[in-house]
Amino acid sequence: MKASSKRKLLPVIALFIIVFIGIQFIGEKVDHPAVTGEIKAPKEVKQILERSCYSCHSNETHLEWFDEIAPASWLVQSHVKHARLGMNFSQWDTMTEIEKKGKLWQLYNFVAADHMPKKSYLAVHPDAKIEKKDLDVLRNYVLSLTSSKINDTSKINSFNKQYKELISQNASKEIPKAPNGIPFIADYKNWQIISTSERFDSGTMRIIYGNPAAIKAVKDKQTNPWPDGVIMAKIVWTQLKDEFGEIKPGEYKYIQYMIKDKRKYEKTQGWGFARFDNLDNKPFGKEDFEYSCINCHMVVKDQDYVFTRPIKQ
Amino acid sequence: MRKFIYITSAVLAALISSCHKNASTINESASFPSEFKFLDLNLKVLTTIINTNKKTTAVLYGNELAFKRAAVHDSIRTAGEQYVLVTWSQQANPDWFGSKIPYELVSVDVVKILASDKGITKTEHKRYIGKNLSPSKDTIGQAAVTAYILAQKPAIVPDL
């Protein structure tokens, strides 16, 4: 290298160093709020979570020196903030028992799909990698949380109660709307199904419907990505299991919709989400609830964020 | 160096995931043979049934007449009602441990109400079996299947 070009490079390097030092003062630092109600789980399960997940999903974040240097620290800070929002092992008792169970199954599925821990994190924290034997521990743990009672009287009673409600209800009300403005769509009844799902994790069963645009997309094999205009509806019931091993829909729980519009729903990967609970179609969630939907549907980002593999009719 | 890896790998991960080949997502094994023209039957969903012993999942459909009758919770049948029970074997959902989804068609049972008068109902039953839904000539157990299908209650579903 010539001396003159070396001299030209010097100010650039100096500037780089100054900027590098300067940015160290920009951005929030990761805080450590109090641990208010930590997760209770068997020792071997908790060890895995502590080793691989606590850095982001708890208030006990242990950072390495290189995590605290900007610009890497910005990424870490943002990761920790969002990770704690979605799931925080230090504030586990803010959830209901059903929510806790659901989170644990979600957690297992995120790890099994290599979606968590984050790949960028594993690159610098190789000890956080989840080995096959850890995955087995987690799977056996979530499986141990399920139960499926035969002729469960409390489930039968809620079903009977709702059945009476159904027969007595007929007055048409105003169309309910989710916080993001998506309305309850009653027309799903006239759509075709694209799949069913037996959920032994939550003791529920589901039917997934597609609107005519969805059925056309399946016929044309245009399902990855799905075209604009496609709507899917999913209905969820509790399971009623009898002594012959037959499971039928019990109490109706909720309906969920996904509406494809690349532009309108850009912030949630092109899908608009909505959910309505119980027979009175109570809109689910508060403002920004749709991020909790898409966060989980991220697991299937390679199939346009849709879990269901549609059946062609 | 390590923070360099941290950022580079984040960028690389984003790049790699954005150049993924888009594989078909259709559940081919559970799909209907196109000659069967299932959609032409113009059916609506009445309920779904899982059999944990046989490891099957089924959907019971009805034509417009059957669907209307279900909606008013009426127990009187009319000629022309049609009920179709589609049964699939199950497979583990490859994308979600905790879920089972349809694998292959086991059978399609079609029950028609031919006449209904003073509590006496005349029915017709047709059965199609296997992945290809070939018409079944076996008539053993037909009456039981018909009775089973007609005994099903529609699932509770939301409406306005």
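On a predicted model such as this, the values are computed, not experimentally measured, just so you know. Here is how names work: the chains are called A, B, and so on, in the same order as the sequence lines, proteins then strands, and each is numbered from 1.
Evaluation of the ring-ring contact (aromatic ring centres under 6.0 Å, His included) rule for A:Tyr108 yields B:Phe97 as partners, not counting sequence neighbours. Every side-chain hydrogen bond (donor to acceptor under 3.5 Å, both in side chains) that A:Asp201 has, sequence neighbours left out, goes to A:Arg199, B:Trp96.
Counting all heavy atoms, side chain and backbone alike, A:Gln192 lies closest to B:Leu43 at NE2-O, 3.2 Å. Closest approach of A:Asn109 to B:Asp95, counting heavy atoms only: OD1-O, 4.3 Å. Closest approach of A:Tyr188 and B:Pro158 over heavy atoms only: OH-O, 2.7 Å. B:Ile156 and A:Phe159 get closest at one heavy-atom pair: CD1-CE1, 3.7 Å. Taking both residues in full, the closest heavy atoms of A:Met205 and B:Thr48 are given as CE-O, 3.6 Å, listed atom of the first, atom of the second, then distance. The nearest pair of heavy atoms linking A:Thr196 to B:Ile101 is O-CG2, 3.6 Å.
Looking at A:Lys221 and B:Glu28, a side-chain N of the basic residue comes within less than 4.0 Å of a carboxylate O on the acidic one, giving a salt bridge.
Neither the backbone nor the side chain of B:Pro33 comes within contact range of chain A; no heavy atom of the residue lies under 4.5 Å from a heavy atom of that chain. For B:Tyr61, the part lying under 4.5 angstrom from a heavy atom of chain A is the side chain only. For B:Lys153, the part sitting under 4.5 Å from any heavy atom of chain A is the side chain, from C-beta outward, and nothing else.
Between the CZ atom in A:Phe307 and the CG atom in B:Asn93 there is a gap of 8.0 Å [rounded to 0.5 Å].
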